[in-house]
Amino acid sequence: MSETPVIEAKDLKVYFPVRKGIFGKTLYVKAVDGVSFKIPRGGILTLVGESGCGKTTVGKTITGLIKPTSGQILFHGKDIRKLTKEEYLRYRRGVQIVHQDPYSALNPTKTIFHILSSPLKRWKLAKTRKELLDKVTYLLELVGLKPASDFLYKYPHQLSGGQRQRVVVARAISVNPELIVADEPITMIDVSLRIGILDLLLDLRQRFGTAYLFITHDFGAARYFAAKGGGLIAVMYLGKIVEIGPAEDIIQNPQHPYTKVLLSAVPVPDPEISRKKKPIKLRSLDIPSPLNPPSGCKFHTRCPFIIEDKCPYQEPELVEVRPNHYVACHLLAKK
Ligand code: SF4
């Protein structure tokens, strides 16, 4: 019998009302439109897609920051809207988020000690000041901020972007979460420090068995994270998952045209391979408005492989094309 996942999203929909139409009708941005996935204990789901595809909304909904319009989020198999008080507290503590911007995620008026001791006090994980000091010191050293005494009483503005993101990660892991939603955790930090943060997240998973929902627009980062951590990759386009499967299989055998385009644009370090590699050209560079998405397959306005008499009219379903690897594209639909 398979283990109950830490988190499961079932047909998740998040629609935002935006403005009244000409006849007084409310229009909706379908930011997330029927997304389903499971993340087991210690598992990784890497969610990739361009800005505006709905991946951050998925992350915020999973952490309870946004209410879904419909669908379910299950925490250990139970709908989060039906949790008892104790179960809800376990969920709030068990699912933490690392936001993309380490500059705004930390209160500039508080010291690092204060920032890291707050969740410990809130969840009663340290009682005395000595215990707090020991735990905060441990957390700082765990995330590579050594010696901790150099950082304890500094303010966020005295740290670099990479150091701040390490503090954000330390705060997320301080309460021993079961799942961390890492929403573009390396986008706003220096390129030279990015690998360090990804390795830190993977190292923490190794030590504590933390599961991750890793959200990124950068397929290079997704490839690095997935190559080292495994798990699944899901590719999102305009609110829907268009391809989901084992990370290695998606990277080696991408099936959906959009995934192929994203992967073809990732630079490779080997100049020989790089010279031979030809990026796949899109029919249009413009991302359609999520307020008025294309009919049929939402990717048809940009897809270089469009089937003219089918794709603009029929929406493809996700179908299994390889073991545990699902794709929504008419080219791959079973005849
Ligand atoms: Fe392209 Fe058609 Fe497949 Fe959509 S369904 S990705 S338009 S080939």
Side-chain angles (χ1 to χ4, degrees), residues 9-15 28-37 45-58 71 214-223 226 231-268 277-335:
K10 272 190 172 176
D11 199 20
L12 202 61
K13 293 182 181 166
V14 185
Y15 296 173
Y28 291 92
V29 169
K30 296 182 176 178
V32 179
D33 196 15
V35 161
S36 301
F37 57 79
L45 175 70
T46 299
L47 203 51
V48 203
E50 291 160 300
S51 330
C53 73
K55 55 193 190 307
T56 290
T57 306
V58 170
F214 178 67
I215 297 171
T216 181
H217 70 281
D218 174 359
F219 221 116
R223 195 164 70 174
L232 299 178
I233 289 181
V235 181
M236 270 188 89
Y237 188 75
L238 286 180
K240 289 192 174 276
I241 289 178
V242 295
E243 180 160 11
I244 181 167
E248 190 57 29
D249 200 28
I250 297 247
I251 290 163
Q252 300 302 333
N253 300 293
Q255 301 287 313
H256 194 280
Y258 180 55
T259 315
K260 289 183 184 179
V261 169
L262 291 178
L263 266 168
S264 77
V266 177
V268 282
K277 203 173 136 181
K278 289 200 177 95
I280 301 171
K281 283 207 178 111
L282 289 164
R283 294 197 316 142
S284 158
L285 292 178
D286 296 332
I287 304 173
S289 161
L291 197 56
N292 186 22
S295 59
C297 171
K298 290 189 167 78
F299 188 53
H300 84 258
T301 52
R302 304 169 76 198
C303 180
F305 308 108
I306 181 172
I307 307 167
E308 295 282 0
D309 60 350
K310 192 168 188 182
C311 302
Y313 310 105
Q314 278 181 39
E315 189 164 7
E317 298 282 327
L318 274 175
V319 291
E320 191 171 21
V321 295
R322 299 164 61 83
N324 205 24
H325 184 157
Y326 295 81
V327 181
C329 174
H330 292 308
L331 290 173
L332 297 148
K334 289 195 176 104
K335 305 261 162 29

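Counting starts at 1 for both ligands and their atoms, in listed order. Positions are given from 1 along the sequence. This structure is a prediction, so every number in the text was calculated from the model and none was measured.
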Asker: List every atom of ligand 1 that sits less than 4.0 Å from any heavy atom of Leu331, numbering the atoms from 1 in the order shown and giving each element.
Answerer: 8 (S)

Asker: Nearest protein heavy atom to atom 3 (Fe) of ligand 1, by residue and atom, and its distance?
Answerer: Cys329 SG, 2.3 Å

Asker: Could you name the option among Pro257, Pro304, Cys311 that has the heavy atom nearest to atom 2 (Fe) of ligand 1?
Answerer: Cys311

Asker: Number the atoms of ligand 1 from 1 as they appear, then name those within less than 4.0 Å of a heavy atom of Cys297, with their elements.
Answerer: 4 (Fe), 5 (S), 6 (S), 7 (S)

Asker: Does any non-hydrogen side-chain atom of Leu238 lie less than 4.5 Å from one of Pro294?
Answerer: yes

Asker: Check the pair Val58, Ile215 against side-chain contact (heavy atoms from CB on, under 4.5 Å), reporting the backbone distance first and the verdict last.
Answerer: CA-CA 9 Å; Val58 170; Ile215 297 171; 5.7 Å; no

Asker: To which of Pro312, Cys303, Ala328 does the heavy atom nearest atom 1 (Fe) of ligand 1 belong?
Answerer: Cys303

Asker: As an exercise, identify every atom of ligand 1 less than 4.0 angstrom from a heavy atom of His256.
Answerer: 6 (S)

Asker: Under 2.8 Å from atom 1 (Fe) of ligand 1, is there any N, O or S atom belonging to His300?
Answerer: no

Asker: Do we see a donor-acceptor contact under 3.5 Å between the side chains of His325 and Glu243?
Answerer: yes

Asker: Testing Arg302, Lys298, Glu50 one by one against Tyr237 for a side-chain hydrogen bond (donor to acceptor under 3.5 Å, both in side chains), which residue passes?
Answerer: Arg302

Asker: Which bit of Lys310 is near ligand 1, meaning a heavy atom under 4.0 Å away: side chain, backbone, both or neither?
Answerer: neither

